[in-house]
Each structure stands twice: as structure tokens, then as C-alpha cells.
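Within every chain, numbering begins at 1; the chains are lettered A, B, ... in the order of the sequence lines, protein sequences first and strands thereafter.
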Number of protein chains: 4
Amino acid sequence: MSSEFGKLIKASVFGQSHGTAIGVTIDGLPAGERVDLEELQRFLNRRRPGASPLSTARKEADAPEFLSGLENGITCGSPLCAVIRNADQHSKDYGGLTDTPRPGHADYTAAVKWGGQADMRGGGHFSGRLTAPLCIAGGIAKQILARRGIFVGAHLQAAAGIQDERFPLYPSRELLEGIGAKAFPVLNDGAGEKMQAAILEAKSSLDSVGGVIECAAVGLPAGLGDPMFEGVENRLAAALFGIPAVKGVEFGEGFHAADLRGSENNDAFVMESGAVRTQTNHAGGILGGITTGMPLILRAAVKPTPSIGREQRTVSLAAGETAALTIHGRHDPCIAHRAVPVVEAVTAMVLLDMLMEGNHGTF
Amino acid sequence: MSSEFGKLIKASVFGQSHGTAIGVTIDGLPAGERVDLEELQRFLNRRRPGASPLSTARKEADAPEFLSGLENGITCGSPLCAVIRNADQHSKDYGGLTDTPRPGHADYTAAVKWGGQADMRGGGHFSGRLTAPLCIAGGIAKQILARRGIFVGAHLQAAAGIQDERFPLYPSRELLEGIGAKAFPVLNDGAGEKMQAAILEAKSSLDSVGGVIECAAVGLPAGLGDPMFEGVENRLAAALFGIPAVKGVEFGEGFHAADLRGSENNDAFVMESGAVRTQTNHAGGILGGITTGMPLILRAAVKPTPSIGREQRTVSLAAGETAALTIHGRHDPCIAHRAVPVVEAVTAMVLLDMLMEGNHGTF
Amino acid sequence: MSSEFGKLIKASVFGQSHGTAIGVTIDGLPAGERVDLEELQRFLNRRRPGASPLSTARKEADAPEFLSGLENGITCGSPLCAVIRNADQHSKDYGGLTDTPRPGHADYTAAVKWGGQADMRGGGHFSGRLTAPLCIAGGIAKQILARRGIFVGAHLQAAAGIQDERFPLYPSRELLEGIGAKAFPVLNDGAGEKMQAAILEAKSSLDSVGGVIECAAVGLPAGLGDPMFEGVENRLAAALFGIPAVKGVEFGEGFHAADLRGSENNDAFVMESGAVRTQTNHAGGILGGITTGMPLILRAAVKPTPSIGREQRTVSLAAGETAALTIHGRHDPCIAHRAVPVVEAVTAMVLLDMLMEGNHGTF
Amino acid sequence: MSSEFGKLIKASVFGQSHGTAIGVTIDGLPAGERVDLEELQRFLNRRRPGASPLSTARKEADAPEFLSGLENGITCGSPLCAVIRNADQHSKDYGGLTDTPRPGHADYTAAVKWGGQADMRGGGHFSGRLTAPLCIAGGIAKQILARRGIFVGAHLQAAAGIQDERFPLYPSRELLEGIGAKAFPVLNDGAGEKMQAAILEAKSSLDSVGGVIECAAVGLPAGLGDPMFEGVENRLAAALFGIPAVKGVEFGEGFHAADLRGSENNDAFVMESGAVRTQTNHAGGILGGITTGMPLILRAAVKPTPSIGREQRTVSLAAGETAALTIHGRHDPCIAHRAVPVVEAVTAMVLLDMLMEGNHGTF
């Protein structure tokens, strides 16, 4: 396995949902970087459930303890390890899951892979809870990037089939930070109201909905990334699919580009204030796997929460026959809005890693 | 950079469109595998241009020479290196491109990264021509997989906005092989006719169109892949974004899952002939990054060919001012149909690599 | 940086000597493996100082807490994270080291690399204390290997210029385990007495000595490892040089082979009980980077402890001039004997990793 | 397998001794670097046999053809692939080797790994011939390093038990280049005469001898390398053990350090011309895995050529019984002197790779 990503900066995630603790080790962070712990906590709180009726009632303080790598609030060059102790687990809710795998979850595949030893209480290592350590890593990366004029932000571009606006051609730092300060991370609050209503409606129907997250990074230099298999798209996609429930990743126009003509989709180069820019940004800031210097734009599709309150059909692995399953416990009717900071976190980590490598075409 | 992908089996691609040769080294192929060279050539021919008015007129024989790793038609355990000599280049057509980067191409980003040394004749290392060595690798992988009951096939699911049918729940080996034998790789030939007409229409308008490729792999065991960052989705996406012009990758329902409800998107588990299967396959055969044993389904979005005959706006890098550009030379009005075997090739390589690793949850 | 090694099983080490905690995350361990915690603690105790006048007086309980990956004493397939809290640090002893780097230590190179932010108290991340997490990983690997008939053991083959015997052609499991049970890890206790006397003599002279560790692994299948850069020697050496103070690694006859003739150094193949063996084992069980099935034999050279009580010459980085330095605090006059289990640990981890990969020449 | 090494610059070697061609792909070379092909050929010639009675009579022109990555003699940013066609093979000399493995060679381990498909003619992929592509890569790396004031050179420090002098504290560029220009690569030509006589004597006894190669790199900045498992020592050792017949690698005093006292082995820091240096260099220019800025010093032990003319004992794998073997064909009575440029090549490649990464403790 590898619950790790990164090349010069590696983030290695550990923990099970109902184990002793979850955490992350980040190896390769530059030394001398101050981490604003209050800002980090605010970032972690964006992912945290329990703040609204939209989310599970699980109480998670998500307050990381730093075991290494951070001395007096400054990175010291050694691997940074941060852990969050687990608490408030209701493991008994998951008693029968080893025999009757939940549809849409990894219960069955984990059982195939690891046999009866898999600790799948609360989703185990596959749980959305593991995105908390990702946000610790990404929250730190965001601070380091911001110090260099690079800002990463995301919004919920769609949920339950309701669309938010798309990012403008040049999302400003203020725009990106503003979304992060909102209770519900959308550009158009009217669309956000409708999304929330739809989520609550799904909840009351014992059902769930999915969504699409759009993420932007501004301030990136041109020339990051390598052709073919180590391009910006390859590395971001490889990491983003590590977020539970992500089933699609696209850049710029993405799948929509397939419906466009070349004359529509090509971004004309223009000179602006002495810099080469493109008039549109259908490429999402990437050509040939390499950044153009325009804003990086990506989208990730999040499937509807597989845990729903309705009775579902599954099998009893022991009995070898069909069975009915009703999942108890606390579940989010939508996780897409909570995944918004997670997409930011993973994007920030990948970009910081690529920046460390530099755009070493020449040296 | 890394023009390489894979973990236990690595494929390393080299060459520029108008250089001496292009090729691939595959390190880690199992020994003792017979390569049917005629079948491989037929596979390569599917990617080859020049067969129809839909494609560029460049004559490419694409006949690989094997420098190592293959003795008497059988893999010998050493790295396999295959090369294709370049010929029939019209390099003069690309004379001015270093100064006036083509919109939608990597000319500008390559110039930023490598300075004036980048060999961008014909797209250089970013050219679609580099997919020929990928097809050598993937064509061999397909043969090795087929010997183990695993079949990989793809079709053009959309082009110019026209939709083909989707794969059925259980694509058969015959279905997959049948598409490969067609002149135009679709399931529904009527849809294919419309696509071809639309492509020719775009060509006559000096324009181009994009498409979506749907790929299936059947016969995979359950339990392949690892959680989080080395799942099947992560590894396939990382490799698929290495195909030039791919701007989106999704699995199962992909982006459409974002619009579904959990009760619709969850795949119920059922027992069939003593085996655990799912009644639907919205997950595309992957849960938690690990194969379920159901068919693997993915889609890749291919943008419209950036080379179009119309005059476009760009900049003169030397003069630092806006310029007009008309691209001469031969260009495909659509590359999506030619990319169908390339998606198969990359998918087959990643799957073979993962099979070599085994589903080593226990050992 | 990467404080990590391994391919399918990755061990990632974190912590500074005087930070909050040290630890290791092991990603990719097979599931379903019972870990005998008492046996593991006995293994960790072999590395632990404080047991004799030969070692530093620092009290280290070295009792790991398992944060993840181990449920009810059995590996569950998720990454295993174990931490040891630091205690009993005398950080004030290291006050001036950032200005006057200790000869033979990483103080200077860390200052160059990380500037003033490096946490070098007690050696920071470079400290021998970081070998405790390595021993957690390796101790678990040893148990998993032993269950499959593979035994790894080492002895102090030389210290202070005094030689122990060499391993016999076929070290038995009992021999290997017997050394581990000894207070001083040698084959010939008489030689061990002399070594200990020499170490104490060095201590009383405010000096230190080095040593050589010989390690064997028996029960390995033939066919592990790959040619050229992923051979058994490459991978073991890459990991063994991660043990602080190791300055040389050799296999079989190693450097001595350079003085032999081919007719002496070649190991004749013989049939024994229906199996191919070699009559001698100058190759240390490896030919062409691949295991022969004979015992694997390697040696690692450990330099004398750089911390000595004598006044030494160094520079003041701030003043830019030569300075005198006397190191206070607790220091081992020899660390080679304590490094014996560490060499076993690293060797066991690398071998387990290679076993997981299998000898996949064919599949 | 992986016949590849490197992180940001990867060198991937392919070919069998008696196959169609051997070669190397170097992915990640900086663009815009001129390659002096005559200087490269002179470097390759140092490795080439046939120049003296000390070597095999095989005629190898070793003239590389560049298939990609080099345009008009300048690197263009794309992967550089160079091949050497094989010729003058006497494959029939190797007819029976698949059944009766040669002692000291990889014949047996290759047969275990790859079964009967292994192409072991002339040693196949394990042959010393594969060091020619390594020298292409390393010869280019040496030129790039020299342009930045970094010089890599090596000499035969011992052969047949006869010692050359050791490098002085500060080997000059002239000294390093001077050895490369000699017919026999030693510091002390008198010692070289004795070595050559001993090699010829071994040849006349149908036997062979080994040797030790000492390599230096001067001009390196301080701060290269990372702690623990990605230090300079780890990465160099991992690559150097990829050279056939290398059985030991050490840095600075290496194994000899085990016999020294701390007060002898520690290198005192001193200020010289405003720079921090060490008075001695027992550390070989590396502390904590990171360069100190002093010359890098390493040694590699090369075993005696396993191919000797005397009858040897082996087994018939088919018959399952002991057999006698007399190896015919052309063989070097010593390969250590021909391996001198190979050690330089591999060292240069690893150092260039690490330089590309930079000493990114901070950024």
C-alpha cells in the first residue's frame, strides 16, 4: 500500500477511524517556516463536522498534537508528525459490517484484501476522518505558499444537481479567502441556500447527495511540472483520487472540452503588462503538463455519501447469500461541502512539492 | 521530469516527433511471455494516422525494432527496449513556432521550462506521436493480460458532442475485441457515422473537435490496489493524464455521480453463481481504491486538437507583442478516435503492473 | 529529504532526540500478523542504553505506543504507527552547539542545510535515538520473517580493533537467537571480554571506539532481488547507510574479495540433498544482485562515537574563527554493540519488503 | 526489476551483452547543456577493452548513437536515449551455460528468477558490457558538473593486493584529470607497474584478481543530501552496487574508521580563507548524510573476475548433479582498472541528480 504522496515533500497518513489516533508525517518541509496554529485550526474547523444540521453529530475536536518537526512554532527541517487522538467513537454501531458489507463502502474490498483482520469500524483507514490529517498537512502548505504569493481556494461548484457560479478568469486572493470564511463554501449564496435545502431534504428522505468541488491556485510561476507522467495534472490527479469519494478529476474545461471546437477551446496568447497571458483559460493553467502562469483550475467530483439510512441490499459473506442491511449511526447526508478544504489541502501539498522541485528545466 | 510510469513494471518513453527515433523501455516485464508481433502491429495500426480522411496525411510505418528484452519473440527478463525511427517529417513547417507559440500547445510552456533549446518541431516530446511507444508497451501488456483472462478494450463514447452508447454491465471479451477490429471504434455504428461526419465538417471549417473515451477491463481479480494514494484510480489517473490532450479522468459514474443520490449510486451487493457481485456498477469496479471484481470502467476526456487551420491570436515572444498565427502542415481534425487504443494501452500497462504486485494484503 | 525507506513496505521515521516524541509509520505490512509485544520489547531492550557501564546513563524506557495499524495485537492492514515519548532530556547540555559544531556530528551540515532552525539538541533527527523506531519496525519484521522460516541475526565482529570470530558457513537459527540473548553480542565471549575492556579503557581516556557488525539472514529463497540498481545489495546498502555512524557496507568477502584470486573467491556450485548450494559463500548469498539461497552475509562499519570528553577544535560560526569545544553530557564510548540490533532491524525490514514483492521474474 | 537509478534525473539502462543493442535513457537532464562528443568518446574509451594485454580481446567500438534528447550537440530537455549496437559476439562460447552455471556469475540466480528464458549469453543483462551505457550517462554528467566547477575522478587504489597511494586531502582538478589520461589509472605509476605485472601473472595462471577503486569529487557545495535514507552515502551506495562485481562501498575512512578512536577519526573544524573546512577528512566529505563542502571520498571493492580459464566445479541443473566446467572465450584477468571510469560515471550521475534537487533545506 501507500497512504503517502509526494516526491520531495512526502505526506504519509496513518490511523483508523476508531483506532487510538490518526495523524500525518510530512517529510521534506522547508525549515524555518512559521506555522500559525490558530489559522491552521480555523482551516481544520472548516472540515470538521458537527457545526450544522448538514453534518454528522460526531464531536471531533480535531486538535493536533505535534510530535516532531515543529519547534517553537517553526519547522525545524525534520519530519513533522502531528496526531489527533480519536474519541467519541460509537464502534458498536459497526458490529456486523464485517459480514454484511455496506454498499458503496470499502468494507467488501478491504475484506478481500486483508481478510478478517481489517479494522473497518467507522470505515477504518478508508474513513473520511482520515482527511483531517490531510488538512493538517495542507493547512501548513497553504501558509507556506501564501508567504510566497500563492493562494489556493475552492468552492462547492455543485451539490445535489444545483450549480454554483464558476470561478472568474482571475480569482483574487480576497475571493479565495472569502469563501473559506463562509459557513457554506459557495460563490453565490443563493445557490448555496438551495444546495443546503436539497441536502436537508435528502437527509429527511434517509438519502444523500454528491457534489463537485472547483479549486483554484493563483500566483503560480510558469514552468512547473514535467511532460507526460509527472505533469501538474498527473500529480494532482494521483493525489486527489486519494480523497475518499472522489470519482472524477478534471482540469480547465475538462470533460466539457470534449464538446468544444478547437477554435473555442484554444486560449489565445496575449501580452498584458509585459507578461504573457491567455485571453481565456480553458486549459486551466496547464499546457503539456506544465503551468502557464495563469490560474490553475481543477474540479473533483464527490459521490453521494454511501451511508444512507434506508434499508439496502447486500450479502452476508459468511452465509454466502443476499441480505438486507440498515446502517445505523451518524452520517453526513452530503460530504462534498466538507471536502472543499480537503481539496484545497491536497492541491496545496502537491503544488508546494512541485515548487520545492523548482522548474528545473535548466539549472 | 519523468516520462515514465509504473512501480514494478516501468515504462519509460523517449523521443521527439522530428528527432531520430522514438521508443520505450519497459523494465520489469515478466520473463517467458511470448509477444505476437503481428497482433502487436495490428494494435499499433489502430493508432496510426493516414488510414482515412479523418486523419493527418503523415505516413508513419510505426514498425518497432526491438533492441533488447525480447529474444526469439519471448521476453527474457531484461528491460525491453523498442524503437521506431522517424521519417517523413516536415520540420520546416514548424520554423517559426519557437517565437510564436501555438495556442493550446506546449510551445510556450516548453519555452519557459527549457529556454530556446526545446526541440518543439512537430510538438517535440509533447507530440501525439509519442503515444506510439505507449502503444508498444500497452500492446504487449494486453497480450500478457489476455493470457490470464483479463481483457481491456475501449470505444469512442463521444465526439463533437455526439454520444455513443455506454458499455453494458458486463462487456464481453468479444465485444471489446470487436471494437478494436472496427475502422471507427464505437459501439453503435450509426453514432459513429454521425461522429465522422461532424469531424469532416470541422475539418472543412478549418476547425477541430474533441471526444470522450470509455475503457473497460474485465476479468480482474478483486483486491487489487491500495487505499488512499496507491489505489487503482490514483495510479490509472496519474498515467492517463500522460496522454497528450487528456483533460479529465473519471471512474464509474464519475462526474455524473455528483448528481445522483446515494440510494441511486450505491451498488447493491448480490450473490451470483457463488460469487459476490454488484447489481449495478456505478463504482466502475473500484471501492476504496481497490477492485471489486466487477468490470473496471473509466473515461478520459480528450480536448479538440489544438492545431487548427484558422488564423489564431498569439504573441511574439521576441517582440513581446501580440501576433497572428496560421498553422500550416498536416493536422488531425480529431485525435480522440486515434487515442482509443492509447487509453487501452495505458490502462493495460497500469493493470499489469498492479497484478505483478499482487493483492498482497496478506502473504 | 526522506527519512523513509522501502518499496512495497515503507518505514517512515520521525522525531528529534529532545523533541516531544520519536516514532515510525510502517505502510504496507501484511495484515493478520500477530506481534508479540513482549518479544518486541526484549528486542528493543537490546538497543537500549543504560544497562551497563559501557553506555550512556540516559534512562530511556523505549516503550512504544501503537497509534494505528495494530488491533488486538494483530496487524490490520492499515499503516502501523508507533511512538515513543521522549523524557529525561538534558537539553541545556546542548546550548552552544548551534554556534560551535561538534566534530564528527551533523551540527555543521544541519546548520548549512536548515539554517538556525535546525533542532540539534541531542543530535536532533540525526541522533542515534532515532534507531529506536527503526528497531520497532525491524523487530516486527523479524517476527513476520521468523514465522516463514527466515531468521536474521548479527554480532559485533570487531570493536576497538579486536576481532570476534566470523559466522560459520551455515549459521543456525539457534546461533543467531543465542547472540541476541547475550549481554554483549559476540560469538566468542573471550573476544567480547577484550572488547568491553577496550571500550572501558577508551571511556576512561575520554575517548571512544568504533566497530564492525556482521549480519546474517538464513532461510531466504533464491531469486529475490533484481539486477543492477534494485538488487539485494543496493537496497540493503541504501537502508543500512541510514543508520547513524555507518561508513561502510560490504557483502560476503566484501573488501577482502579485492585481495583474492578468482579461483579463491568463486563459490563452486554443489548439489546437497537435492538442492543447489555453494561449497563456500564468499558471495554472501548474492550473485548479480539476486539471492542464491545461501545465507545472506553483510557487514557494516560503525565509526567511533564522535562525542568524546576531550577538548576538541572547532569553529564559532558566528565569530567566524577557530574555537575550542568540550562536550558535556552523557555519551557512549562505543555505539557499535548497541547498533547490532539496529543492523538486524534494517536488514529484516528490507528483506521483508523484498519478500512481499516476490521473486517475480515470471508470474 | 529496475535497471534504473536516480530521482530527478533517472538513468535507465537496457540491453544484453549479445543482444541487438545496449543503451541508456536519461530522463531529467537539464536543457541547454552542450555535450562534447569527442570528450565523451575519450571517456568511453577508458572503459573499453582491447587496448592492452590486460583485457579481453573483444572488439567494441562503443560509439553511441543518440536517438533523442540531443539536438545539434545540445540537450533539449527531452529524455536522452543513446544506444550502442552489439557486434563481435561469440555467442556459441556460451552455449552450455544455461545448464551449468558459472561460479561467481549470475547464471544460476537468473535461471531461478527467469527460468529458461533468461538471455545469459555473455552474461546477458548482468554483463560488464552494460557499464558502457552507464559511462555514456556519467560522461555527460561529468561534463555538466565540470561546467559548474565540480570534478569527479577515480584511481585504482589497489589491485591483486598491491596498494596505490591514497588521494591527498585536496585532490586538484589537474590530478583527477591526469589519472584519466593515463593508460593505467593509478596515482603512483610504480605501484601501477606492479599491479599490471600481477594481473598478467594471474592471467598466465588462468586466474584473475580484484581491486579497490577510490573516487573523489571536488567542488561540491555543502548541504547536499538528506538525513537518514536519502543521504549522499545512501544514494551513492545504492547506485554503486549496481556496477557488476562491486561487493563493498565505503566513505572516508570507511571500514578503517572502525579501528580508530574518536579523537583520531573526528575531523576538527577550522576556518580557512573565510570558509569552514575540516583539518582532516576522515568523514569523506559527509556528515549526517550531508556534504560538508570538503572533497567527497569513496571506495568500491571489485571482486576478481569470476570467469577464469581453470576448470571449476559446478552443477548440471538438468541432471541435478555435480559437474566440471571450463569456461572458454575471452575474459579479463582483472576488471577493476576498467571499472575506474564506471565508478566515476555512477558517482557523477548521482551527484548531478542531487545538485538538481538542490540543498533545499529552506527555499
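Taking NZ of B:Lys7 as the reference point, atom OG of A:Ser2 lies at 6.0 Å (rounded to 0.5 Å). A:Ile243 contributes atom CD1, which lies 10.0 Å from atom CG of B:Asn234 (distance to the nearest 0.5 angstrom). Between the CG atom of A:Leu287 and the OH atom of B:Tyr108 there is a distance of 10.0 Å, given to the nearest 0.5 Å. Here CZ of B:Phe269 is found 8.0 Å from CG of A:Leu317. Values are rounded to the nearest 0.5 Å. Remark: B:Ser263 OG to A:Glu311 CD distance equals 13.5 Å, nearest 0.5 Å. Between B:Ser3 atom OG and A:Glu230 atom CD the span is 9.0 Å, to the nearest 0.5 Å.
Heavy-atom pairs under 4.5 Å with chain B were tallied for A:Thr322, A:Ile308, A:Val276; the largest tally goes to A:Val276. With respect to chain A, the highest number of heavy-atom pairs below 4.5 Å among B:Gly115, B:Gly161, B:Gly210 belongs to B:Gly210. Contact count against chain B (heavy-atom pairs under 4.5 Å) is highest for A:Ala239 among A:Ala239, A:Ala160, A:Gly274. Counting heavy-atom pairs under 4.5 Å between each of B:Gly231, B:Ala268, B:Ala118 and chain A puts B:Ala268 at the top. Interface summary for chain A: among B:Ala245, B:Ala258, B:Ala301, B:Ala275, the most heavy-atom pairs under 4.5 angstrom belong to B:Ala258. Listed options B:Glu4, B:Arg310, B:His282, B:Gln117 were ranked by heavy-atom pairs under 4.5 angstrom with chain A; first place goes to B:Glu4. Options B:Ala237, B:Pro103, B:Gly320, B:Gly293 differ in how many heavy-atom pairs under 4.5 Å they form with chain A, and the most are formed by B:Pro103. Counting heavy-atom pairs closer than 4.5 Å to chain B, the top residue among A:Val249, A:Val212, A:Asn265 is A:Val249. The choice from A:Val209, A:Val270, A:Asp259 that makes the most heavy-atom pairs within less than 4.5 Å of chain B is A:Val270. The candidate with the highest count of non-hydrogen atom pairs below 4.5 Å against chain B, out of A:Ala106, A:Gly262, A:Gly289, is A:Gly262. Options B:Gly254, B:Ala323, B:Ala336, B:Ser316 differ in how many heavy-atom pairs under 4.5 Å they form with chain A, and the most are formed by B:Gly254. Contact count versus chain B (heavy atoms, under 4.5 Å) is highest, among A:Ala257, A:Ser205, A:Ser208, for A:Ser208.
For B:His105, the part lying near chain A is the backbone, with the side chain staying farther off; criterion is any non-hydrogen pair under 4.5 Å. In this structure, chain A has no heavy atom under 4.5 Å from any part of B:Thr278. At a 4.5 Å heavy-atom cutoff, A:Glu253 makes no contact with chain B through either its backbone or its side chain. Contacts between B:Glu264 and chain A at a heavy-atom distance below 4.5 Å are absent for every atom of the residue. Contacts of B:Asp207 with chain A are made by side-chain atoms alone, with heavy-atom separations under 4.5 Å and no backbone atom involved. Neither the backbone nor the side chain of B:Arg235 comes within less than 4.5 Å of any heavy atom in chain A. Residue contact with chain A, scored on non-hydrogen atoms closer than 4.5 Å, involves the backbone and the side chain of B:Phe255 alike. Both the backbone and the side chain of A:Arg261 come within contact range of chain B, judged by heavy atoms closer than 4.5 Å. For chain A, no part of B:Ala111 is nearby; none of its heavy atoms comes within less than 4.5 Å. Proximity to chain A (any heavy atom under 4.5 Å) is shown, for B:Ala202, by both the backbone and the side chain. With a threshold of 4.5 angstrom between heavy atoms, B:Val302 approaches chain A through N, CA, C or O but not through any side-chain atom. Interface remark: B:Pro244 contributes no atoms to any contact with chain A (heavy atom separation under 4.5 Å). Contact of B:Thr305 with chain A is made through the backbone alone, with heavy-atom distances under 4.5 Å. Only the side chain of B:Leu134 comes within contact range of chain A, judged by heavy atoms closer than 4.5 Å.
Using a 4.5 Å heavy-atom cutoff, the side chains of B:Glu233 and A:Lys247 are in contact. Taking the side chain as every heavy atom from C-beta outward, A:Met228 and B:Val13 approach each other to under 4.5 Å.
Of the candidates A:Gln312, A:Lys303, A:Arg313, A:Gln312 is the only one forming a side chain to side chain donor-acceptor pair (under 3.5 Å) with B:Asn266.
The backbone N or O of A:Pro227 sits nowhere less than 3.5 Å from a side-chain atom of B:Lys113 that would complete a donor-acceptor pair.
The aromatic ring centroids of A:Phe251 and B:Phe241 lie less than 6.0 Å from each other.
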Side chain to side chain contact (heavy atoms under 4.5 Å, CB included) assessment of A:Phe126 paired with B:Ile290: CA-CA 11 Å; A:Phe126 297 86; B:Ile290 301 172; 3.8 Å; yes

